[in-house]
Amino acid sequence: MPAPVIALPTDGLRRLGLRPSDTTFYQLPPDELTDHCLRRKEGVLNDTGALTIRTGAFTGRSPKDRYIVKDEITSGSVHWNDFNQPIDPAYFHRVFTAVTTWLNRVPEVFVRDCYVCADARHRLNIRVITETPSANLFAYNMFLRPTEAELDDFRPDWQILSAPGLSLNATECGTRGKNAVVISFRHRLIVLAGTAYTGEIKKAVFTILNFLLPRDHDVLSMHCSANRGPKGDTAIFFGLSGTGKTTLSADPARRLIGDDEHGWTEDNIFNFEGGCYAKCINLREEKEPAIFGAIRPGALVENIKFFPGTDHINFDDGSITENTRVSYPLSYITNALQPSIGALPTNIFFLTCDAYGVLPPISRLSPGQAMYQFISGYTAKVAGTETGITEPKPTFSACFGAPFLPLHPGRYAELLGKKIRQHGVKVWMINTGWSGGPYGQGSRIQLSYTRAMITAALDGALDLVEYHPHPVFGMAIPSSCPGVPAELLNPRNTWPSPAAYDEMAGHLADWFTTNFEKYAGAIASPEIRAAGPVREKVKKS
């Protein structure tokens, strides 16, 4: 029986200045989009049937080329900075015209209607118009999928136009270079040019939700993963890329709500998306079976390389980029929660990959400490993850997602603090980085130990043990934890030289303090200021 024909929304496309044709494809299923990619030689299949592509010059986001139109809606609301760069409305129109002109010239265009926000009260309909079938497949995987009945009267709240083959005239368009992502809240448009990196699409949508939900609905938008336990309890995992957000939330004993973007309302936690966008570098089936098993027909794998002469992915090969990725629908995770909505959280985990070996592998935070760490958003990049990095480098990203936050970080911190106190949520810090010394000297904390610590926190086992404060950072360190060697819990005890640990702890404290200075005057209450590290408390051996 042939698949039903879904009518192309020609009127809506024409209102954008686009000219629909016989090669304007609407709402194609994943197998047909994959076939188009193969026909156009834009990708190949791997041995499990997933589509693999290269994204060209850009294998990650380009935050310096992301702009927000400065107009009557945004001028007084957006926190303008290096991530939220203003662009004049006149330049936006030039970029928009260049993109629509380009899309009218290319042989094929792919259109998809989808939506974000699993909570129907906050649903936002999105129309994605792309030059390539792979970008359309990405939108299918990552956003929520309307039913055929819902498509009958679908009206987009926002529209995305993606033209990776277009090179902008930077002088005429007011951009830094030939590529750009431009967001107009007035026109409810996201326009992408000159970049094929699919992650730009999802993060642009995340940016608009980070503007609209806190401002208009008092909903906290969060860069986090979330899951639900057998008793219905919800846990949230904040963390920057590489800290284990996706890995640790994909727990076979718990139902996955989502791996990256969520909202916190007065009565629930809900996923923004309908899929996952997981890192593939060094992927192992035994360590991350859920992600490994999701690489199958319909999944989209980016910038990997095969073992020579085979179609078998070499997950350890980061020669194209360390940021290898796979997108797939949430339904590819066997224990995913549908609809992806959970109860109010009982536990929050801040994940950091501390390459200096200073922070405890698990610690409990007071509300003031939680707000300080949330505003700080600390992790450390290690050698090999970015060009030019040869030793650990401290990285601070406010609210664990500064590049995607149009409002001042204080707005998100204020909302989080209010909700933690209102609902009595326990907050934990988890170091997934190094112990016994810094990167290059110590060793990475075993994933099995990290999972055991999180399980103990979730099960309440850590409510029954004694704690002592870290001498510099103040967080409470448990004296014991089921399944974890006791000597691992106090990081100072794992170093060959306690004096060397004290010196490194002092350096890290200084970096925290320097970073916090830019927020202290504007948003920090006395409680939060008092929650920062105290350099003078570094032990002297």
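Ionic pairing of Lys381 and Glu322 is not present here: no N-O contact between side-chain nitrogen and carboxylate oxygen is shorter than 4.0 angstrom. Comment: Arg127 engages Asp113 in a salt bridge, judged by a side-chain N to carboxylate O separation of less than 4.0 angstrom. With respect to Arg121 and Glu266, a salt bridge is recorded, a charged nitrogen being found less than 4.0 Å from a carboxylate O. Salt-bridge formation is detected for the pair Glu261/Lys202: a Lys NZ or Arg NE/NH1/NH2 atom is positioned less than 4.0 Å from an Asp or Glu carboxylate oxygen. Between Lys245 and Asp260 there is a salt bridge, since a side-chain N of the basic residue sits under 4.0 Å from a carboxylate O of the acidic one. Checked for salt-bridge contact, Arg145 and Glu150 miss the test: no charged N lies under 4.0 Å from a carboxylate O.
At most 12 non-hydrogen atoms from other residues, nucleotides or ligands lie less than 6.0 angstrom from NZ of Lys305. Within 6.0 Å of CG in Asp216 there are more than 12 heavy atoms belonging to other residues, nucleotides or ligands. Other residues, nucleotides and ligands contribute at most 12 non-hydrogen atoms within 6.0 Å of the CZ atom of Arg19. In the displayed structure, Arg40 atom CZ is contacted under 6.0 Å by more than 12 heavy atoms of other residues, nucleotides or ligands. Environment of CZ in Arg188: sparse, with no more than 12 heavy atoms of neighbouring residues, nucleotides or ligands closer than 6.0 Å. Open room surrounds CZ on Arg105; 12 or fewer heavy atoms of other groups in view lie less than 6.0 Å from it.
Counted by atom type alone, Asp317 and Ser319 present one or more donor-acceptor pairs between their side chains at under 3.5 Å. Looking only at atom types and distance, the side chain of Ser221 has a donor-acceptor partner in the side chain of Asn210 under 3.5 Å away. With no hydrogens or angles considered, no side-chain donor-acceptor pair links Asn282 and Arg284 at under 3.5 Å. The closest side-chain donor-acceptor pair between Thr23 and Ser21 falls under 3.5 angstrom. Defined by atom type and a distance below 3.5 Å, a donor-acceptor pair is present between the side-chain atoms of Asp119 and Asn268.
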*Arg176 and Asp65: salt bridge (charged side-chain N to carboxylate O under 4.0 Å, His left out), yes or no, with the steps?*
CA-CA 6 Å; Arg176 189 174 70 104; Asp65 298 304; 2.9 Å; yes
_salt bridge (charged side-chain N to carboxylate O under 4.0 Å, His left out) for Arg411 and Asp218? Distances and angles first, verdict last._
CA-CA 10 Å; Arg411 175 60 176 145; Asp218 209 35; 3.1 Å; yes
*For Glu200 and Arg66, run salt bridge (charged side-chain N to carboxylate O under 4.0 Å, His left out): C-alpha distance rounded to whole Å, both residues' side-chain angles, the deciding distance at 0.1 Å, then the answer.*
CA-CA 9 Å; Glu200 294 280 22; Arg66 211 263 332 246; over 6 Å; no
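Taking the six-membered ring for Trp and the full ring otherwise, the centers of Phe270 and His122 sit less than 6.0 Å from each other. Remark: aromatic rings of Phe374 and Phe238 are close, center separation under 6.0 Å. Note: Phe211 and Phe185 meet the aromatic proximity criterion, with ring centroids under 6.0 Å apart. Tyr277 and Phe138 have their aromatic ring centers within a separation under 6.0 angstrom.
Ring geometry for His93 versus His187: interplanar angle over 60°, hence perpendicular rather than tilted (30 to 60°).
Between the side chain of Asp47 and the backbone N or O of His312, no donor-acceptor pair lies under 3.5 Å. Remark: side-chain polar atoms of Glu108 are not paired, donor with acceptor, to backbone N or O of Glu131 under 3.5 angstrom. Judged by distance alone, the side chain of Lys41 and the main-chain N or O of Leu38 form no donor-acceptor pair under 3.5 Å.
For the residue pair Ser397 and Pro403, the shortest heavy atom distance occurs at OG-CD, 3.5 Å.
Remark: Arg61 is not positioned above the aromatic ring of Tyr197, lacking an NZ or CZ atom under 6.0 angstrom from the ring centre and at most 45 degrees off the axis.
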